S.K.: 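I have a structure I would like to understand better, so I am pasting it below and will then ask my questions one at a time.
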Amino acid sequence: MPEQSNDYRVVVFGAGGVGKSSLVLRFVKGTFRDTYIPTVEDTYRQVISCDKSVCTLQITDTTGSHQFPAMQRLSISKGHAFILVYSITSRQSLEELKPIYQQVLAIKGSTESIPIMLVGNKSDEMAQREVETKEGEAQATAWKCAFMETSAKTNSNVKELFQELLALEKKRDMSLSIDGKRSGKQKRADKLKGKCSVM
Amino acid sequence: CKTVSASLKPMINEALICSWPDVSGGGVGPKPVPLQSLSELERVRLQDVAFRRLLRDRDLGCHITIPKCGHKHKKLLRRKLDSLSKEKNKDKETTPQVFGIPLSQVISNDRTHKQRHDAQREEHSDPTELMLSFLRLTSNVKRANKEFSSSTSSLSSTSETPNESALPGTAPRTCRRGGVSVDCITDLDDNQSRLLEALQLSLPDEAACNRKKHPDKKLSLNPIYRQVPRIVDLCCQHLEKHGLETVGIFRVGSSKKRVRQLREEFDQGWDVHFDEENSVHDVAALLKEFLRDLPDPLLTRELYTAFINTMLLDYSDQASAIQLLIFLLPPCNSDTLQRLLCLLSTVAKHAGDKLDNDGQKITGNKMTSLNLATIFGPNLLHKQKNSDKEFSVQSFARVEDSTAIISVVQRMINTRDTLFMVPTDLQNEVLMSLLETDPDVVDFLLRRKASQCS
């Protein structure tokens, strides 16, 4: 796929109802709604700093409920980075990420240089937890990708998730803040320790 | 026959007179009737009437054609099946019986399996048992008179099985008469076998496919054998029983592995049954997968643009335009759609939280008609070709389309009570059109309608 612009495309995958849209909306708009609405496909754009200039971070929020395989292949081939979301309250939702990861691997050839973040969302719902943090970490180790637990509802680790994902991209130097100050990013990265682990 | 028609003349006139000046408006005359209660002949005419109506009254801004039943695809597949069946056992494993093949083919496969199944059973049963089963079936049919439930289909397929057992030749005939689901012809005696022949439930294979060669000649006067694939019926029943209170039903994911297994079982022609062990999410996913994998989507590729464009009409015209388009669909498509919408509207009714009799809160499934339409829309209405292994980007719905797809399907779910009821004005137009070609048939149909109303 030819590079049409210097957009940086992030694609969010995951089973239905795990909170993909909630994460994206919390990040993009800073809001959370306790509604239950499935997504067809939405794309959000945000300007970020990239290689001392600016570029558009394009986040594609996919549908979890009915994957037309062709649609999925298309999103993967266009994407630069991927967020694979499951809900810590559903083991099944983690299971469902496996074929998606395989698909990414198959299309991209290798995931070595591709930023991928495995995300266990709904970390606020401790009482309903089905997937332990350790299991998420183990899966991420197996996939050689980063891992984080988040809560879109309580705004825990959401901004950090996107920041970390951009930091994983070695081909470009990206940061969420447009002024490009390095110090801010440095600080946040310190704050993150313990919450996320890069494998 | 002549005398019957003569004695009925006043009645027809009455019916026509009170409805004729009133073609556009409903009003006087009989009530709307269920689409499935129409005879095959009426349904085919209704297609034409709806088609003319759409061209005349509704500007959908696109070319409309009546979707063909079966397509070339079917013939090709037939040929393929025939050639494969020579290799006998191999064929069973390699040719899918349910997924990814045309709807009409699925229904026809269902029938073949049923017949094989019944034939096997009959081989082992003695004549008394057989007689008893006929009696049971006959009583089933009486009960099923209005609904044309699956018992009707089981009967009609039984009547089709070669029945060479110890019973005298009259038994199948008795059974056939039982299969005729109309009260007013039970007084016909066996001598009028030709009429009986014409009155039999039509079977999916014969329906509409021979139409081109012999226009209307072979069309039955009885309602068409209800054409819903067994897999759709099974999934709907299971979900109605176990899935109505499941939060996020149809949205939440399923086990890919178990779904694949179920799919293979269906495709190999197994006699699959669901029980409480089957996760509702798996069954929901299976149903979606079946619809998604149809070579031609349920609402057909031909009518894709027309359905989408109904949303450009004035709000008050939208529902009737959708209804007219549904009347254009082949019977197997509209029957299956009806079954599906029945399930979806039931699911939507359980979306909100409720209080039970003891004042306890029951959590709703949160799947409103909008949510269900978002999920089912792209499965029912698309113009993508599954056969294209190499997908093309252009074939995906544009964003505007996808909003319209959801609105159309949401409207269908919300109006499904009236969607499959044929309005009086259309009924009259069908009768008027038949009066020109087959006046005798109109006699019969009116007489039956009158007897059903009383």
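Order of the sequence lines fixes the chain letters, A, B, ..., with proteins taken first and strands second; residue numbering starts at 1 for each chain. All of these numbers come straight from a predicted model, not from anything done at the bench.
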S.K.: Between B:Ala351, B:Ala285, B:Ser255, which has the largest tally of heavy atom pairs under 4.5 Å with chain A?
M.R.: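 Highest number of heavy-atom pairs under 4.5 Å: B:Ser255.
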S.K.: How would you list, by chain and number, every residue that makes a side-chain hydrogen bond (donor to acceptor under 3.5 Å, both in side chains) with A:Glu41, sequence neighbours excluded?
M.R.: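 Listed in chain order: nothing, the list is empty.
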S.K.: In terms of heavy-atom proximity below 4.5 Å to chain B, should A:Glu95 be classed as side chain, backbone, both, or neither?
M.R.: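 No part of it gets close to chain B.
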S.K.: Distance alone, cut at 3.5 Å: any donor-acceptor contact between the side chains of A:Thr39 and A:Thr63?
M.R.: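 Looking only at side-chain atoms, A:Thr63 and A:Thr39 do not form any donor-acceptor pair under 3.5 Å.
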S.K.: Quick one: what part of B:Ile406 sits under 4.5 Å from any heavy atom of chain A, side chain, backbone, both or neither?
M.R.: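 Side chain only.
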S.K.: Distance under 6.0 Å and angle within 45° of the ring axis: does B:Arg230 meet both against B:Phe266?
M.R.: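 Output no; distance or angle outside limits.
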S.K.: Which atoms of B:Ser254 come close to chain A, meaning under 4.5 Å heavy atom to heavy atom: side chain ones, backbone ones, both, or neither?
M.R.: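 It is the backbone, since no side chain atom gets that close.
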S.K.: Please check if any side-chain donor atom of A:Tyr86 sits under 3.5 Å from a side-chain acceptor atom of A:Gln92, or the reverse.
M.R.: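 Absent: no donor and acceptor within the cut-off.
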